[in-house]
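Take a look at the structure below.
Just so you know, residue 1 is the first one in the sequence shown, and it goes up from there. In what follows, every heavy atom counts, from backbone to side chain, and hydrogens, waters and symmetry copies are set aside.
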Amino acid sequence: CKDCPQDFFHMQIASTTFQDCLRCPKGKITAYEGASACVECPPGKIKGFTIGLCEPCPRGRYRASGQTSCNPCPVGKYGLMEGYTSEDDCHNCPAGRYGVLPSPYQNHSSEQDSCMFCPPGRISYSGSSSKSECFDCMLGKTSVRGEGSCQACHAGKYTKVPGASCELCPVGKINRV
């Protein structure tokens with residue numbers, strides 16, 4: 001009798017050929033040759049390229065118990081480390097930024113890849129997931145690109161409309177802050 005190789009199992013006594021061995025389902029492994037059952041990789045890990053080993057989910061992805069693959073952090077979030085075990089491990093895009101879908105070959109693995117700046121004069125809350133969640137600063141206030149709060153225009157400057165940048169008051173006009 002020969003044992004089934006790692007990542008294969010058999011449920012019969014006296015298996016005689018490799019054809020009796022069954023491949024472990026996606027996300028499961030066997031820790032040794034001749035196993036009669038497969039085991040699930042622990043949360044945050046997935047069956048890797050090395051036979052019989054679970055490898056951490058890559059940065060920007062997570063895997064909870066019972067899931068068969070590593071899922072990307074949702075739009076508006078990103079992951080800095082490998083092996084996240086839940087969506088809650090992913091970090092929110094900071095205030096003043098909003099989430100974007102990375103290219104198909106990227107993960108949500110950095111703030112730079114996953115979070116874009118709101119335009120000047122607009123801000124957002126932490127964890128915003130689209131540009132439409134950037135909102136205008138009120139009249140007399142503005143923000144620089146990517147800031148999380150609006151600041152009053154300096155003395156001698158104003159905004160014409162909400163969400164605009166501060167500009168100099170016209171000749172003969174003043175703005176005291």
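- The two residues Lys157 and Cys169 come nearest to each other via the heavy atoms N-SG, 3.8 Å.
- Side-chain contact between Asp7 and Lys47 is present, with at least one heavy-atom pair separated by less than 4.5 Å.
- Put simply, the side chain of Tyr78 never gets that close to the backbone of Pro74: no donor and acceptor are under 3.5 Å apart.
- Taking every heavy atom of both residues into account, Cys137 and Thr142 meet most closely at SG-C, 3.7 Å.
- Within the model, atoms CD of Glu33 and CZ of Phe9 stand 16.0 Å from one another, a figure rounded to the nearest 0.5 Å.
- When all heavy atoms are compared, the tightest approach of Phe8 to Cys24 is N-SG, 4.1 Å.
- For the side chain to side chain contact (heavy atoms under 4.5 Å, CB included) test with Tyr62, the passing option among Asp89, Asn71, Thr85 is Asn71; the others fail.
- A donor-acceptor distance shorter than 3.5 angstrom exists from the side chain of Arg122 to the backbone of Cys134, with no hydrogens or angles considered.
- For the pair Cys73/Ser114, no side-chain contact is recorded, criterion being any heavy-atom separation below 4.5 Å from C-beta on.
- When side chains are defined from C-beta on, Ile29 does not count as touching Gln6, because their heavy atoms never get closer than 4.5 Å.
- Lys160 has a carboxylate O that lies under 4.0 Å from a charged side-chain N of Glu167, or vice versa, which qualifies the two as a salt bridge.
- The side-chain heavy atoms of Glu55 and Thr50, taken from C-beta on, include a pair separated by under 4.5 Å.
- Looking only at side-chain heavy atoms (C-beta outward), Lys131 and Pro119 come within less than 4.5 Å of each other.
- Here the side chain of Thr159 pairs no donor or acceptor atom with the backbone of Ser165 at under 3.5 angstrom.
- In summary, Arg63 and Glu40 engage in a salt bridge, as defined by a charged side-chain N under 4.0 Å from a carboxylate O.
- Atom CG of Leu53 has more than 12 neighbouring heavy atoms from other residues, nucleotides or ligands inside a 6.0 Å radius.
- Counting all heavy atoms, side chain and backbone alike, Ile46 lies closest to Cys41 at C-SG, 3.7 Å.
- The two residues Ala37 and Thr30 have their closest heavy-atom pair at O-CG2, 3.5 Å.
- Between Cys118 and Tyr98, the closest side-chain pair of non-hydrogen atoms falls below 4.5 Å.
- The two atoms that bring Cys93 and Lys77 nearest to each other are SG-N, 4.2 Å, heavy atoms only.
- Under 3.5 Å, the side chains of Ser149 and Glu147 contain no donor-acceptor pair of N or O atoms.
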Can you list the steps and then say if Gln67 with Ser65 is a side chain to side chain donor-acceptor pair (under 3.5 Å)? CA-CA 6 Å; Gln67 295 177 326; Ser65 182; over 6 Å; no
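- Side-chain contact between Pro5 and Tyr32: absent, with no pair of heavy atoms (C-beta onward) separated by less than 4.5 Å.
- Side chain of Ser124 to main chain of Arg97: a donor-acceptor pair is present (N/O by atom type, distance under 3.5 Å, no hydrogens or angles).
- Ser128 places no side-chain N or O within 3.5 Å of a backbone atom of Ser130 that could act as its donor or acceptor partner.
- One distance of note links OG of Ser36 with CG of Leu22; it measures 11.5 Å at 0.5 Å rounding.
- Residues Cys150 and Ile123 meet the side-chain proximity criterion, which asks for heavy atoms closer than 4.5 Å.
- Identified under the ring pair (Phe, Tyr, Trp, His ring centres under 6.0 Å) test for residues 115-151, with sequence neighbours left out: Tyr125-Phe135.
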